[in-house]
Number of protein chains: 2
Amino acid sequence: MEVARELNYRVDKNAAGLRSRHSNTIALLLFEDSSTDESQINPFFLSMLGSIARAAAASDYDLLVSFQQLSNNWQGRYEASNRADGIILLGYGDYLNYGEKLRALDEGGAHYMIWGPTIEQHDGRSLGCDNVSGGRQSTEHLLSLGRKRIAFLGDNSPGFPEFRARYFGYEAALKTAGIEPDPSLQRDAENSENAGYIAVQSLVLGGADFDAIVTCSDLIAIGALRALQELGKHVPEDVSLVGFDDIPAASYVNPGLTTIRQDTLRAGAMLVDNLIGLIHERSVASALIEPRLVVRRSCGGHPR
Amino acid sequence: MEVARELNYRVDKNAAGLRSRHSNTIALLLFEDSSTDESQINPFFLSMLGSIARAAAASDYDLLVSFQQLSNNWQGRYEASNRADGIILLGYGDYLNYGEKLRALDEGGAHYMIWGPTIEQHDGRSLGCDNVSGGRQSTEHLLSLGRKRIAFLGDNSPGFPEFRARYFGYEAALKTAGIEPDPSLQRDAENSENAGYIAVQSLVLGGADFDAIVTCSDLIAIGALRALQELGKHVPEDVSLVGFDDIPAASYVNPGLTTIRQDTLRAGAMLVDNLIGLIHERSVASALIEPRLVVRRSCGGHPR
DNA sequence: CTGAAAGCGCTTACAG
DNA sequence: CTGAAAGCGCTTACAG
């Protein structure tokens with residue numbers, strides 16, 4: 001050992017991996033919407049990246065990071081070639097497209113964890129925040145402030161199960177309050193400022209009557225805020241606004257954005273822990289992480 | 001080839017790496033200031049991470065990402081163990097501490113690129129933005145708006161060569177305008193909102209007379225902005241403010257932050273290209289990337 | 001140009 | 001419990 005230290009000996013990773021059949025490496029695949037421009041990575045996933053990197057390091061795993069298009073052919077690239085022992089999939093995007101890819105991973109016997117939607121057939125291999133609860137919390141907050149005509153921005157189609165679950169929470173909160181959801185107050189929006197901006201324009205220019213907006217992400221909310229302000233609507237006086245995620249930008253905009261905070265630190269740690277469990281063939285359960293309301297100034301009523 | 005395709009054959013990375021003595025992998029080490037809290041990663045480096053990931057993928061290299069403390073023992077972990085063919089080092093932090101680490105890398109024959117300061121002894125292995133030019137540009141912008149008493153926030157000691165270079169640019173611009181830099185208008189600040197906040201408090205509470213501030217980063221500027229506003233100073237009416245980096249938050253704060261934009265897309269691509277050059281024993285030159293002024297509302301004079 | 005052999009540096013399974 | 005041997009799956013250098 002002393003001599004080894006003197007000679008600065010290091011175990012050759014390739015040789016060790018070849019013999020022992022594992023690499024002690026996790027591959028993190030980030031899927032970007034093809035719509036977003038190159039330089040802009042979703043800040044929420046960036047925050048997840050940080051906590052995943054920390055969690056992997058804590059478990060002595062190396063982390064391979066790669067940005068992908070969902071359409072790319074990435075299924076075999078990592079585990080089949082023994083580059084990584086397991087894969088973490090991060091990204092919105094149409095989950096219907098995932099089906100085929102996940103089947104390919106399954107067939108290859110790959111170990112993987114998906115962040116986001118709870119997928120029935122992939123029990124234990126998905127982890128997400130409780131989106132229904134998040135949608136309910138933001139809606140209840142607006143209701144508690146006396147708002148009644150609450151719009152919803154986010155694509156609630158089956159291809160976007162996370163946004164859809166948030167919509168279900170919104171719907172449930174309204175119904176509990178005796179309010180029937182009004183479809184004319186819903187607008188599809190993907191996760192971008194621009195989508196939020198356009199959705200609000202469509203709402204206002206379409207003559208919709210609303211006093212609050214629940215959004216599916218802070219990015220959408222920030223775009224919505226900009227549109228509202230340009231159209232002469234005051235936030236929160238005329239319209240209350242709630243985001244989702246609590247990305248750093250949420251606290252920088254004016255007024256500060258009330259939002260639903262996702263615990264990325266916990267999420268990253270659980271993704272890594274569960275994946276390592278799967279790698280070691282332990283049985284692992286899917287789980288939901290509870291998000292929580294963070295009150296700033298965009299809804300009024302509460303001081304910062 | 002057909003059979004291989006049918007059987008979904010993949011080359012085993014470990015075996016290939018063992019035999020051919022290279023891994024086609026780059027390790028990206030991000031150094032965090034011990035001072036910043038866990039969850040908050042410098043947004044500028046996060047943006048670099050994105051462009052490095054893209055550039056590595058474009059050159060068919062895998063990217064290993066790791067967050068480190070500068071004090072950790074990371075020198076041998078990557079290249080000596082054949083995990084990676086080369087290393088990219090990203091981070092502020094006291095570069096005086098780097099010396100020893102870099103020597104260890106050199107002794108091990110490692111290939112590496114450092115982002116940031118130009119280090120004489122490591123020609124070709126460092127790449128940075130032209131910080132002197134950046135500091136000069138922001139100061140000249142303020143001078144052109146009629147500002148005369150321009151404060152400077154950022155640690156300008158030798159341990160922080162990037163901030164120091166920005167200070168030199170500030171100094172040069174002032175002298176060219178016939179103004180002698182006033183040391184009582186300079187405050188050390190590390191790269192954080194909190195440091196900017198405290199520095200402005202110290203300036204104002206110390207009775208300093210200033211009508212503009214040049215900062216070494218957007219994070220510092222955002223903290224400074226908050227302090228100014230809390231102390232009843234209007235930006236830009238009473239005090240003009242310039243940031244550095246152009247992180248996403250710069251456009252979210254109110255007023256939008258005029259800043260010096262670093263071209264992270266180009267920087268990431270050049271870091272990767274130069275590193276691959278070093279790996280292939282090609283000779284590579286150090287370079288400076290020219291930053292450019294982005295005008296928003298925090299200096300006044302110019303409309304958004 | 002083609003094809004078989006050597007060997008990269010480990011870890012594990014096995015013989016003593 | 002200890003120590004020597006086998007072999008992981010490639011790529012390269014070499015023989016034909």
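This is a predicted model, so every value here is computed, not measured. Lettering follows sequence order; numbering is per chain, from 1.
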**Q** Quick one: does any side-chain atom of B:D85 pair with a main-chain N or O of B:N24 as donor and acceptor, under 3.5 Å?
**A**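 Yes: the side chain of B:D85 pairs with the backbone of B:N24.
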**Q** Each nucleotide in nucleotides 2-12 of chain D should get exactly one letter: B, S or -. Can you fill that in based on protein heavy atoms under 4.0 Å?
**A** -----BBBBBB
**Q** Taking the P atom of each, how far is D:dG16 from C:dG7, in whole Å?
**A**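 Straight-line distance between the two P atoms is 16 Å.
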**Q** Under a 3.5 Å limit for both distances, which nucleotide forms a Watson-Crick or G-U wobble pair with C:dA4, could you say?
**A**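 Paired with C:dA4, as far as the under-3.5 Å criterion goes, is no nucleotide at all.
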**Q** Quick one: does B:T25's side chain have a donor or acceptor within less than 3.5 Å of a partner on B:A84's backbone?
**A**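 The answer is no, because no donor-acceptor pair under 3.5 Å joins these two groups.
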**Q** Partner of C:dA13 by Watson-Crick or G-U wobble geometry, both contacts under 3.5 Å, or none?
**A**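 Pairing partner: none.
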**Q** Just checking, is any N or O donor in the side chain of A:T264 or A:Q262 under 3.5 Å from an acceptor N or O on the other one?
**A**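 Not at all, the side chains of A:T264 and A:Q262 share no donor-acceptor pair under 3.5 Å.
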**Q** Closer than 3.5 angstrom, by distance alone: can the side chain of B:K13 be matched with the main-chain N or O of B:S23 as a donor-acceptor pair?
**A**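 Pair found, side chain donor or acceptor close to backbone of B:S23.
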**Q** Is a donor on one side and an acceptor on the other found under 3.5 Å between the side chain of B:N131 and the backbone of B:A165?
**A**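 No, because the side chain of B:N131 does not come within donor-acceptor range (under 3.5 Å) of the backbone of B:A165.
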